[in-house]
Number of protein chains: 2
Amino acid sequence: MIFVILHLAMSEKLNNPSCATCGARQKSVFCSLNSDQLVQMDEHKGCDFYKKGETIFKEGAIARGLFCVNKGKIKLSRMGPSGKEQIVRFAKGGDIIGYNSMLSRRPLSATASCLEDSAVCFIPSQQFFALIKKDPNFSLKILELTAKNWDDASRLITDMAQKTTKQRLAEMLLWLKETFGLDEDNCIDVKLSREEIANMVGTATEAVIRLLADLKKENLIALEGKKIKMLDIHGLVMLADLID
Amino acid sequence: MIFVILHLAMSEKLNNPSCATCGARQKSVFCSLNSDQLVQMDEHKGCDFYKKGETIFKEGAIARGLFCVNKGKIKLSRMGPSGKEQIVRFAKGGDIIGYNSMLSRRPLSATASCLEDSAVCFIPSQQFFALIKKDPNFSLKILELTAKNWDDASRLITDMAQKTTKQRLAEMLLWLKETFGLDEDNCIDVKLSREEIANMVGTATEAVIRLLADLKKENLIALEGKKIKMLDIHGLVMLADLID
DNA sequence: TCTAAAGTATGATATTTGTCATACTTCACT
DNA sequence: AGTGAAGTATGACAAATATCATACTTTAGA
């Protein structure tokens with residue numbers, strides 16, 4: 001009996017870690033909520049676990065709330081006209097996803113799927129809008145976040161439109177480095193297939209394979225399976241931006 | 001003497017048309033402001049006139065406020081790495097521009113220049129933030145606007161990355177049609193050079209010229225100088241989206 | 001009205017990139 | 001450990017696109 005109670009208690013703890021003690025929250029838009037607001041959040045939120053490859057939400061669905069990543073790595077992608085996946089963004093601990101659809105009053109514009117096992121909290125729409133309406137600081141934070149996202153996106157449009165495939169690949173490697181950082185070996189700290197990289201760059205898988213080999217020949221990166229080691233970041237920046 | 005007074009009165013009216021009676025405002029994010037808020041706006045705003053080709057603000061500068069288009073057509077573009085212009089957005093009467101930079105706390109990410117003679121009001125940063133902080137409805141409107149802009153941009157990223165030049169051109173023509181509408185002749189109601197179209201599509205001017213000729217041969221459009229007549233919108237949609 | 005400059009158009013050619021075919025390698029699963 | 005499936009790699013070829021050259025047309029300004 002005691003075991004059962006303990007088990008339930010642990011299970012509850014795991015499924016609903018407290019926002020007050022959540023490390024990911026410190027890095028998120030929820031970082032400056034007061035304790036009242038946190039209690040409210042805790043009461044209404046739920047935390048779910050997803051295995052690598054699982055889908056959190058799908059493009060086209062109506063958003064009922066937003067998701068706050070507690071742990072893990074997530075890719076956001078949309079389907080192109082010919083059925084080809086286009087990766088438009090990544091999320092990691094502390095990032096929120098799925099909120100834009102509520103703000104724009106449009107269906108979800110991307111599919112979120114896990115690049116590794118992840119823990120993701122769900123915060124219902126009402127809670128989100130309550131915060132926006134009652135807390136101007138939170139509202140400004142969301143505005144800043146959305147504004148930055150838009151700014152980044154319009155930068156990406158220019159790049160996609162004007163740069164060669166090789167430059168775009170170099171740029172994506174740098175973007176991945178910024179997003180996920182480097183491990184102790186100077187390798188980008190996320191594992192993506194060549195196909196997934198192609199779906200970021202917007203090219204064919206074969207092209208990515210060839211161009212990665214080129215970058216290796218030019219001593220800008222080293223390759224070891226899926227691991228990509230950054231050898232010459234400055235060189236990649238020059239290549240990507242044509243500053244030469 | 002009377003003439004002088006009249007002249008001054010007219011001049012003042014022209015340079016500072018009242019927000020309360022502004023037709024463009026009805027279509028803008030400022031549409032539901034109350035009379036107190038309008039008086040505040042009128043006191044602090046200023047209206048400027050720009051000739052075709054003139055620049056309203058430049059990429060990289062720090063925004064001191066936002067601009068609300070009263071009349072005219074404006075293109076927003078950024079410089080690509082090799083000095084090539086990339087058009088990322090358009091604005092017309094009722095649209096606001098330059099606000100994203102204040103929200104993202106980053107320098108202006110695009111240059112705004114007039115496609116035709118335009119009247120544009122300037123609203124200082126403080127006024128804008130005062131509205132956001134005091135009026136949750138206004139705040140939500142800006143959030144919705146920014147969210148939609150981001151959504152559109154990420155859609156555009158997918159298109160740029162995956163579609164052929166011809167598909168992108170078709171898409172841009174449809175976008176121009178949505179933005180500026182058609183005149184009585186079914187022609188897109190804005191005049192752009194082939195080079196400017198190329199700077200939207202992200203390709204060379206020659207490619208645009210050739211592809212426009214192709215579209216004409218396929219009876220999707222008709223050409224008459226800078227005027228582009230939409231003959232088969234459904235056909236263009238099919239071409240752009242590969243729905244066939 | 002004339003002229004220079006800008007914009008438009010077209011051809012030839014080089015380069016890039018996509019596509020298809022094929023083989024090798026790694027990984028998960030029994 | 002063996003097997004099949006997925007992922008990675010490479011070559012050959014086709015298609016798309018950029019680039020350069022050149023000529024024609026329109027526009028703005030003297």
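Here the structure is a predicted model, which means the values were calculated and not measured. First the proteins, then the strands, lettered A, B, ... as listed; each starts at 1.
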- Query: A:Lys226 near the nucleic acid: base, sugar-phosphate alone, or nothing, with a heavy-atom cut-off under 4.0 Å?
  - Reply: sugar-phosphate
- Assign the ring pair A:Phe180 / A:Phe90 to parallel, tilted or perpendicular, where the plane angle (0 to 90°) is split at 30° and 60°. perpendicular
- Message: Of the options C:dG7, C:dC20, D:dT8, whose atoms approach the side-chain atoms of A:Ile209 most closely?
- Response: D:dT8
- Message: Please compare B:Glu206 and B:Leu211 by the position of their nearest nucleotide in DNA chain D and report the one closer to 5'.
- Response: B:Leu211
- Message: Whether the A:Asp151 and B:Ser109 side chains hold a donor-acceptor pair (N or O, under 3.5 Å, no angle test) is what I'd like checked.
- Response: yes
- Query: Hey, is the side chain of B:Thr165 poking within less than 4.0 Å of OP1 or OP2 on D:dT17, counting only N and O atoms?
  - Reply: yes
- Query: Do the charged groups of B:Glu116 and B:Lys73 touch, with an N to O distance under 4.0 Å?
  - Reply: yes
- Which part of the nucleic acid does B:Thr203 contact within heavy-atom distance under 4.0 Å: base, sugar-phosphate only, or nothing? sugar-phosphate
- Query: Roughly, in whole Å, what's the span from CG in A:Leu212 to P in C:dT17?
  - Reply: 14 Å
- Task: Grab the CD-P distance between B:Glu224 and D:dT26 for me, whole Å please.
- Result: 11 Å
- Message: Checking contacts here: which listed nucleotide (C:dT10, C:dT17, C:dT8) is nearest the side-chain heavy atoms of B:Ser193?
- Response: C:dT8
- Among side-chain atoms of A:Asn199 and A:Gln86, is any donor-acceptor pair under 3.5 angstrom? no
- Over how many whole Å does the gap from B:Glu195 atom CD to D:dA18 atom C1' extend? 15 Å
- Query: Tell me: CD of A:Glu196 to P of D:dG7, nearest whole Å?
  - Reply: 9 Å
- Measure from CZ on A:Arg194 to P on D:dT10 and round the result to the nearest Å. 11 Å
